[in-house]
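Before any comments, here is the structure.
Chain letters run A, B, ... following the sequence lines, proteins first, then strands; residues in each count from 1.
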Amino acid sequence: MSHWLFKTEPGCFSWQDLENAPGRTTSWDGVRNYQARNFMRAMRVGDLGFFYHSGQQPAIVGIVEVVRAAYPDATALDPENRHFDPKATPEKPIWEMVDVRLRRALPQPLSRKDLAAWPELAGMELMKRGSRLSVQPVEAGAFAFICGLAGIERP
DNA sequence: GCCAACGTTGGC
DNA sequence: GCCAACGTTGGC
């Protein structure tokens, strides 16, 4: 099993939104970065990921589970959608998305500041300066370490 | 609001 | 294929 991190602006889509979503499940649509797309292509059903809020209070707030592997992102084909991509076609959708389901909230959000205090996490993509990837891999060791910090025994 | 980092675009 | 200009992200 692989581990991931899903980054989102809470003003755009938040953990609360996920809690309110039907089936507590959402499509991770709108990703328009090839590297992030390729990471989603590598995801398998059952993979776990952190749910990260960027913005004013950057923090890991919960854990989600991949419940559907990558499939074409329909928002790229919709001219009304803010993520519309004129280069995408039904034959060549270019962009893909996965579905994720809420697994559990962290007992307390783990702020970026908290995370930065641990040298063990210095190598994480998330902690690198200028890291902008909205979907990124997390090493199994780092995933377990962070679960430990959060006081979670079973993610 | 600032600015560093990075991806994308387009002229050549 | 190079690279400058530009736009966006996101922490602070």
Atom [atom1] of [X] to atom [atom2] of [N]: distance rounded to whole Å?
X: A:His83; N: C:dT9; atom1: NE2; atom2: C1'; value: 13 Å
X: A:Leu126; N: B:dA5; atom1: CG; atom2: C1'; value: 15 Å
X: A:Asn33; N: B:dT8; atom1: CG; atom2: C1'; value: 11 Å
X: A:Lys113; N: C:dC12; atom1: NZ; atom2: P; value: 10 Å
X: A:Met127; N: B:dA5; atom1: CE; atom2: P; value: 16 Å
X: A:Gln136; N: B:dG7; atom1: CD; atom2: P; value: 13 Å
X: A:Leu133; N: B:dT8; atom1: CG; atom2: P; value: 10 Å
X: A:Met124; N: C:dG11; atom1: CE; atom2: P; value: 12 Å

- [ ] For the residue pair A:Asp78 and A:Thr75, confirm or rule out a side-chain donor-acceptor distance under 3.5 Å.
- [x]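 No pair is found: no donor N or O on one side chain lies under 3.5 Å from an acceptor on the other.
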TODO: Starting at CE of A:Met43, measure out to CE of A:Met97 and round the result to the nearest 0.5 Å.
DONE: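 A:Met43 atom CE to A:Met97 atom CE measures 13.5 Å (nearest 0.5 Å).
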Task: Euclidean distance, A:Leu18 CG relative to A:Arg103 CZ, rounded to 0.5 Å - done: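 The CG atom of A:Leu18 is 13.5 Å from CZ of A:Arg103, to the nearest 0.5 Å.
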Please determine if a side-chain N or O atom of [X] lies less than 4.0 Å away from the OP1 or OP2 oxygen of [N].
X: A:Lys87; N: B:dT9; value: yes
X: A:Arg132; N: B:dA5; value: no
X: A:Tyr52; N: C:dT9; value: no

TODO: From the options B:dT8, C:dG10, C:dC12, select the nucleotide whose nearest atom is closest to the side chain of A:Arg112.
DONE: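 Given the options B:dT8, C:dG10, C:dC12, the side chain of A:Arg112 is closest to C:dC12.
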- [ ] Looking only at side-chain atoms of A:Arg129, point me to the closest of B:dG7, C:dC12, B:dA4.
- [x]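 Closest nucleotide among those given: B:dA4.
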- [ ] Give a yes or no on whether the ring-centroid distance for A:Phe51 and A:Trp28 is below 6.0 angstrom.
- [x]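 Under 6.0 Å, so yes.
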